[in-house]
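Note that ligands are numbered from 1 as they come in the structure, with each ligand's atoms numbered from 1 the same way. Note that these values count all heavy atoms, side chains included, but never hydrogens, waters or copies made by symmetry.
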Amino acid sequence: MSETMRPAMQSLGMEDWEAWVAQEKEPSYRASQLFSWVHEKQVTDYAEMTNISMGLKMALARDFEPEPLWLVKQQTSKLDGTNKFLFELADGALIESVFMPYQHGNSVCISTQVGCSMGCRFCASTIGGKERNLSRGEMLAQVYQIQKIMGERVSHVVMMGMGEPMDNIIECTAFIYMITDPKGQGLSMRHITLSTCGITPGIRRLAREELPITLALSLHAPTQEKREQIMPIARRFPLDEVMAACDEYFEKTGRRVTYEYALIEGFNDTDQDVTDLVRLLSGKNAHVNLIPVNPVDKKTEDVGDDLAIRRPEHQYVVNFQNKLEKNGINVTIRREMGADIDGACGQLRHRRAGAEY
Ligand code: SAH
């Protein structure tokens, strides 16, 4: 983050407001008024803060960014009501977020970093590397602004957009505490999913916090050898250690872990993969989420090899699911949302950066 950038107003929790209000020599009850404007009423215009004096509003404007996200582009799916958003941050960086209406409530998929440094072969978000972490306020603002634009309450958040949450664990944990604060958005912990490519210390840290959120592990291959071929992070955190950390998460929180598995034609969709996956997961309280991979148009120089990332035929995906189920594994196929708007996550930003407009 550039040094001249003011922190997002949404980054301040109750204690931060108390400290700021004391610094401004204002009575302490101002802290709860400000907290309520920002996190409960989710106001981004100082003018609307009717019980705050002009002097204090000027101090707010001096110290904080009231709206850290500028809407650049919104795409609406005619098929299922999915909306994708491209936002520009105060320093000009671009991120994506997605609104998905489900029967059980409205869900927002947020980004946790600008870009990503994990280098997964099939992913668009990592192509230009990581620019920076998002602050807690920039994550909260994605939910608040989308809620305002859609005019509908958001009840679920998935941390599955651009970025690796475990590579930004302090801000991500703070975000989780703040979005579940009953005096703010008040989400249930159970309605939050954090997805990771498998950074073992981060998973263990989350387990120690005993937050009853849903942990999703991006597994994508059933053996260490195969995983290394598509996910460079696997070399640093081997599969057996990652699985042990996930087991610890389940033991500490009682929350079933979701294993995401992007099916890549001819690479991880064979009968041998079924056998290996069953061996890896049987006996665990696990849920497998199959994702037919979204091909990303990467150039060979982007990925450094020529592994073809192709999506298997739908029937093949269903067969893969059936074989796992026959072996007692809990499995679903991820519903494709917004198929008529833009492809994989990260592509909206990638296209723009690639000057396709
Ligand atoms: N960095 C985190 C969260 C962001 S990615 C993680 O790795 O889990 C969210 C999910 O989308 C991950 O499971 C990721 O592997 C998957 N994904 C990324 N690119 C994809 C693509 N082209 N097709 C299908 N799934 C993809």
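- For Gln113 and Asp167, the side-chain atoms include at least one donor-acceptor pair closer than 3.5 Å.
- Residues Gln147 and Glu152 bring no donor and acceptor atom of their side chains to less than 3.5 Å of each other.
- Heavy atoms of Gly161 come nearer than 4.0 angstrom to ligand 1 in at least one pair.
- In the vicinity of Cys197, heavy-atom distances shorter than 4.0 Å reach the ligand 1 atoms 6 (C), 7 (O), 8 (O).
- No cation-pi contact links Lys73 to Phe85, judged by a cut-off of 6.0 Å to the six-membered ring centre and 45° from its axis.
- Taking the charged nitrogens against the carboxylate oxygens, Arg6 and Asp63 have no contact shorter than 4.0 Å, which rules out a salt bridge.
- Checked by distance only, ligand 1 and Gly163 come closer than 3.5 Å through their nitrogen or oxygen atoms.
- Under 4.0 angstrom from ligand 1, the non-hydrogen atoms of Val293 come from both its backbone and its side chain.
- Not a single heavy atom of Pro292 lies less than 4.0 angstrom from ligand 1.
- Of the listed residues (His220, Glu164, Glu260, Met160), the one carrying the non-hydrogen atom nearest atom 14 (C) of ligand 1 is His220.
- Proximity of Thr196 to ligand 1, defined as any heavy-atom pair under 4.0 Å, is confined to the backbone N, CA, C and O atoms.
- Ligand 1 places these atoms under 4.0 Å from at least one heavy atom of Cys123: 18 (C), 19 (N).
- Two rings, from Phe64 and Trp20, have their centers less than 6.0 Å apart.
- When the heavy-atom distances from atom 20 (C) of ligand 1 to Phe122, Tyr261, Tyr259 are ranked, the shortest goes to Phe122.
- Between Ser218 and ligand 1, at least one N/O pair is under 3.5 Å apart.
- Between Tyr144 and His39, the ring planes lie perpendicular to each other; the angle is over 60°, past the 30° to 60° tilted range.
- Side-chain contact of Tyr177 with Glu209: a donor-acceptor pair under 3.5 Å is present, judged by distance alone.
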All N/O donor-acceptor pairs, side-chain side in residues 213-222, below 3.5 Å, sequence neighbours left out:
{"from": "Thr214", "atom 1": "OG1", "to": "Arg255", "atom 2": "NH2", "distance (Å)": "3.0"}
{"from": "His220", "atom 1": "ND1", "to": "Glu260", "atom 2": "O", "distance (Å)": "3.4"}
{"from": "His220", "atom 1": "ND1", "to": "Ala262", "atom 2": "N", "distance (Å)": "2.9"}

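- In summary, the atoms of ligand 1 found under 4.0 Å from a heavy atom of Val296, numbered by their order in the structure, are 22 (N).
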